[in-house]
Amino acid sequence: RHAGVLGLSALIGAYPYDVPPWMPEVLVQLAGHVLDPNPISQTVRSTFGEFWRTHQDAWPVLKGGFTEMQLSTLTNLLAAPTYFS
């Protein structure tokens, strides 16, 4: 399972300042693993921390590519400071 999470994390990391059409669903899939045991959860936390760092400046524009459900899932994850530690 960790190998799959690493693969998805690599896809996210390959587009540090853009959100291709496939990325919102990949982010939601990754979010589903945030409560998995380490090292999986740490990989997910790291990925979301880096994603937010590189996308927050353009977020008002980029979030238009997400559905309401995807935004809700990501907002809950990105707003929780414990996931960045």
Side-chain angles (χ1 to χ4, degrees):
R1 188 179 330 174
H2 190 219
V5 168
L6 286 170
L8 294 177
S9 295
L11 287 172
I12 300 302
Y15 296 88
Y17 300 101
D18 192 19
V19 176
W22 51 264
M23 189 179 286
E25 188 56 36
V26 170
L27 289 167
V28 169
Q29 291 296 318
L30 273 178
H33 293 283
V34 75
L35 297 177
D36 285 2
N38 275 329
I40 298 168
S41 62
Q42 186 57 42
T43 299
V44 173
R45 289 182 191 129
S46 264
T47 300
F48 275 96
E50 185 64 14
F51 172 82
W52 187 242
R53 186 187 71 74
T54 58
H55 290 80
Q56 69 183 356
D57 290 342
W59 188 244
V61 174
L62 295 174
K63 72 180 183 179
F66 292 78
T67 66
E68 285 298 319
M69 184 178 212
Q70 291 167 334
L71 280 175
S72 175
T73 300
L74 297 181
T75 300
N76 291 337
L77 186 62
L78 293 171
T82 57
Y83 292 118
F84 293 52
S85 49

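For the atom pair CH2 of W59 and CG of L74, the computed distance is 5.5 Å after rounding to the nearest 0.5 Å. Distance check: L6 CG to S46 OG gives 10.0 Å after rounding to the nearest 0.5 Å. Atom CG in N38 sits 9.0 Å away from atom NE2 in H2 (nearest 0.5 Å). One finds the CG atom of L30 at 5.0 Å from the CG atom of L8 (value rounded to the nearest 0.5 Å).
If you chain together hydrophobic residues whose side chains sit under 4.5 Å apart, W22 and V5 fall into the same group. The cluster map of Ile, Leu, Val, Met, Phe, Trp and Tyr, joined by side-chain heavy atoms under 4.5 Å apart, puts L35 and L27 in the same cluster. Each of V26 and M69 belongs to its own hydrophobic cluster when Ile, Leu, Val, Met, Phe, Trp and Tyr are linked at side-chain heavy-atom distances under 4.5 angstrom. Note: the hydrophobic cluster containing I12 also contains L62 (ILVMFWY, side chain heavy atoms under 4.5 Å, direct or indirect links).
When all heavy atoms of H55 and P16 are compared, the pair lying nearest together is CE1-O, 3.1 Å. The two residues L11 and M23 have their closest heavy-atom pair at O-CE, 4.4 Å. For V34 against R45, the heavy-atom pair with the smallest separation is O-NH2, 3.9 Å. The two residues G65 and P24 come nearest to each other via the heavy atoms O-CG, 3.6 Å.
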**OP:** Go through the steps for L71 and K63 under the test side-chain contact (heavy atoms from CB on, under 4.5 Å), then give the verdict.
**Re:** CA-CA 7 Å; L71 280 175; K63 72 180 183 179; 3.8 Å; yes
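In this structure, S41 and V44 have side chains that are not in contact, with every pair of non-hydrogen atoms separated by 4.5 Å or more.
The backbone N or O of E68 lies less than 3.5 Å from no partner atom in the side chain of S72, so there is not a single donor-acceptor pair. Although no hydrogens or angles enter the test, the distance criterion places a donor-acceptor pair under 3.5 Å between the side chain of Q70 and the main chain of T67.
With sequence neighbours excluded, the residues satisfying salt bridge (Lys or Arg N to Asp or Glu O under 4.0 Å) with D36 are R1.
Aromatic ring orientation, F48 versus F51: perpendicular (interplanar angle above 60°, classes split at 30° and 60°).
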